[in-house]
Chemist: 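For reference, the structure I am asking about is given below.
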2 protein chains.
Amino acid sequence: MACRVIEYGGAMSRWAPDAALRLERAAIELFTVQGYAATSVPQIAARAGLTTRTFFRHFPDKRDVLFLRERELPGVVAALVAGAPAFLSPLGLVMHGFEAMATGPFEGWREDIRSRRAIIESDQGLRERELLKNVLLGEVISEALERHGVAGDEARMVARYGVTVFELALTDWLQADGSAFVDVLHSTAYRMGRLVRPARQGE
Amino acid sequence: MACRVIEYGGAMSRWAPDAALRLERAAIELFTVQGYAATSVPQIAARAGLTTRTFFRHFPDKRDVLFLRERELPGVVAALVAGAPAFLSPLGLVMHGFEAMATGPFEGWREDIRSRRAIIESDQGLRERELLKNVLLGEVISEALERHGVAGDEARMVARYGVTVFELALTDWLQADGSAFVDVLHSTAYRMGRLVRPARQGE
DNA sequence: ACTCTGATGGCATGCCGTGTCATCACGGTC
DNA sequence: GACCGTGATGACACGGCATGCCATCAGAGT
């Protein structure tokens, strides 16, 4: 079967280093055409020129193939938070990390993310997996905050809040046309902060 | 098999109205003893005196049996938000609903919720399901806010924030000993609001 | 040429979840 | 009291998901 070599960032191993990428590509194509539920793992593997068993070596389950691109996200964001200026507030640290993501790689991935989102929202199981990934991201950020000296409970709260802002901003950015992700992120953070500010009458 | 009649709120149908409850009880017992993954649906059904097919008539999948008690939660909270005083801020409306839940039924369910939580946290799939339930709760609350005249995007933000506060408070309440849920809820809301307040230096 | 490593293929297995039809208890009707 | 409709359950078949196990095989290092 064609072992098309896709440049990936350098020679990794002696075998075709793109097995996971081929599987991901085949899966997205099939999901788009015939839907997620109607696509079987053997079908994906066959289209990628691999076997079912190999699919499950690269992905823990069928759903995970749609999140290959996000595997490194927690580590990257955590590193960005870890490297944020120490004088920032806890929320400032988190937003610093997200801001760097928004101005960096995300800006060019809009259509990729959009097409994946369309598939994810078509299936409840995929939605669940996405929620878990977000929570996991929050936990990693929380640890990074603790290494900045933020107390554990405060770190958890700020991390969860930050991830929520990121999620909502991402959704807005994918729907709205033309805006830069950074701007949407800032706008969302500002508006949400205002809404959530403890008001005297509303508890 | 013993068809123990559990009072549930009134005669529902002519058959034993407690099939779902029997299944839930059997499932929790087995999950506690041998773990979630090591327990099969046929095993649960047999212990409840029913068949596998009947299990899937009461629950869409194996995970859902642990969330039977929360089925009515979204409706209840939405009704509480809908009935909240109109002069409250959007966040005040949401917190009003949660506050009523906290002072009401939740206070007596602590140990039940705690044992379920222990099982849920032992399995990734169960965590995912719980996250989905929380998001669904947020969506229902968001709709209730819109019926109060809150704009769509603001409703989404406030609802997500409120659910997050509720989650964090619930976790704290289950771990800490002795505190009333309402107090933990208020404390969490206050502390999180302070952390999240837009600071001048931190974006 | 030899060995070691690690990705892959192939097979078997068990559980999950669903479609389909039969059964059977109960309530209503005459 | 006999009839029928309703709706929950039982029984069976079936396909897909996920994993354990072992064989294979290509390449790297010696």
Side-chain angles (χ1 to χ4, degrees), chain A residues 1-6 8 10-24 26-27 30-31 34-68 119 122-126 128-129 132, chain B residues 1-6 8 10-27 30-31 34-68 122-126 128-129 132:
Chain A
M1 267 305 162
C3 277
R4 297 162 295 120
V5 174
I6 300 177
Y8 187 55
M12 306 194 65
S13 70
R14 20 207 178 165
W15 285 270
D18 60 342
L21 287 173
R22 294 208 323 268
L23 287 165
E24 183 208 30
L30 289 169
F31 293 164
Q34 45 182 263
Y36 172 80
T39 303
S40 70
V41 174
Q43 206 175 354
I44 298 168
R47 176 175 259 253
L50 297 168
T51 61
T52 303
R53 193 64 188 86
T54 299
F55 178 94
F56 287 107
R57 282 199 188 90
H58 288 274
F59 306 99
D61 53 50
K62 179 182 171 187
R63 284 175 276 165
D64 213 63
V65 73
L66 277 171
F67 299 91
L68 173 63
I119 302 173
S122 75
D123 184 89
Q124 175 183 300
L126 291 173
E128 295 182 4
R129 178 55 52 86
L132 181 69
Chain B
M1 269 300 163
C3 277
R4 296 161 294 121
V5 174
I6 300 179
Y8 188 56
M12 307 195 65
S13 70
R14 29 214 169 162
W15 285 271
D18 59 343
L21 287 172
R22 292 207 326 265
L23 288 166
E24 182 208 29
R25 180 188 199 79
L30 290 170
F31 293 163
Q34 45 182 266
Y36 172 79
T39 303
S40 69
V41 174
Q43 207 175 353
I44 299 169
R47 177 177 260 253
L50 297 168
T51 60
T52 304
R53 193 64 188 85
T54 300
F55 178 94
F56 287 109
R57 284 199 186 90
H58 288 274
F59 305 99
D61 53 50
K62 180 182 169 186
R63 285 174 275 166
D64 213 63
V65 72
L66 277 171
F67 299 91
L68 173 64
S122 74
D123 183 89
Q124 175 182 300
L126 291 172
E128 295 182 4
R129 178 54 52 86
L132 181 68

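In what follows, every chain begins at residue 1, and chains take the letters A, B, ... in the order their sequences are listed. All values below come from the heavy atoms of this structure, side chains included, with hydrogens, waters and symmetry mates left out.
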Chemist: Would you say His58(B) reaches dT9(D)'s phosphate, i.e. side-chain N/O to OP1/OP2 under 4.0 Å?
Modeler: yes
Chemist: Rounded to the Å, how far apart are Phe55(A) CZ and dG16(D) P?
Modeler: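 Phe55(A) atom CZ is separated from dG16(D) atom P by 14 Å.
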Chemist: Within this structure, what is the CG-to-P distance between Leu23(B) and dG17(C), rounded to whole angstrom?
Modeler: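 Distance check: Leu23(B) CG to dG17(C) P gives 14 Å.
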Chemist: To the nearest angstrom, how far is Gln124(B) atom CD from dC17(D) atom P?
Modeler: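 It is 18 Å, rounded to the nearest whole Å.
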Chemist: Distance check, rounded to the nearest 0.5 Å: Gln43(A) atom CD versus Phe55(A) atom CZ?
Modeler: 12.0 Å
Chemist: Could you state the CZ-P distance from Phe56(B) to dG10(D), rounded to the nearest angstrom?
Modeler: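 Phe56(B) atom CZ is separated from dG10(D) atom P by 14 Å.
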Chemist: Report the distance from atom CG of Asp64(B) to atom NZ of Lys62(B), rounding to the nearest 0.5 Å.
Modeler: 13.0 Å
Chemist: Atom NZ of Lys62(A) and atom P of dG15(D): how far apart are they, to the nearest Å?
Modeler: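 Those two atoms, NZ and P, are 16 Å apart.
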Chemist: Find out whether Ile44(B) and Phe31(B) are in side-chain contact, i.e. whether some heavy atom of one side chain is under 4.5 Å from a heavy atom of the other.
Modeler: yes
Chemist: Between the side chain of Thr39(A) and the main-chain N/O of Gly35(A), is any donor-acceptor distance below 3.5 Å?
Modeler: yes
Chemist: Provide, to the nearest angstrom, the distance between the CG atom belonging to Leu30(B) and the C1' atom belonging to dC15(C).
Modeler: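 To the nearest whole Å, that distance equals 15 Å.
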Chemist: Tabulated below should be each protein N or O lying under 3.5 Å from an N or O of nucleotides 9-13 of chain C; please produce it.
Modeler:
{"from": "dG9(C)", "atom 1": "OP2", "to": "Thr51(A)", "atom 2": "N", "distance (Å)": "3.1"}
{"from": "dG9(C)", "atom 1": "OP2", "to": "Thr51(A)", "atom 2": "OG1", "distance (Å)": "2.8"}
{"from": "dG9(C)", "atom 1": "OP2", "to": "Thr54(A)", "atom 2": "OG1", "distance (Å)": "2.5"}
{"from": "dG9(C)", "atom 1": "O6", "to": "Arg57(A)", "atom 2": "NH2", "distance (Å)": "2.6"}

Chemist: In whole Å, I'd like the distance from the CZ atom of Phe59(B) to the C1' atom of dA8(D).
Modeler: 15 Å
Chemist: Without decimals, in angstroms, what is the distance between Asp18(A) CG and dA7(C) P?
Modeler: 14 Å
Chemist: How long is the straight-line distance from CG of Leu126(A) back to CZ of Arg63(A), given to the nearest 0.5 Å?
Modeler: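 Interatomic distance, Arg63(A) CZ to Leu126(A) CG, rounded to 0.5 Å: 7.5 Å.
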Chemist: Output the distance between atom CZ (Phe56(B)) and atom CG (Asp61(B)), rounded to the nearest 0.5 Å.
Modeler: 7.5 Å
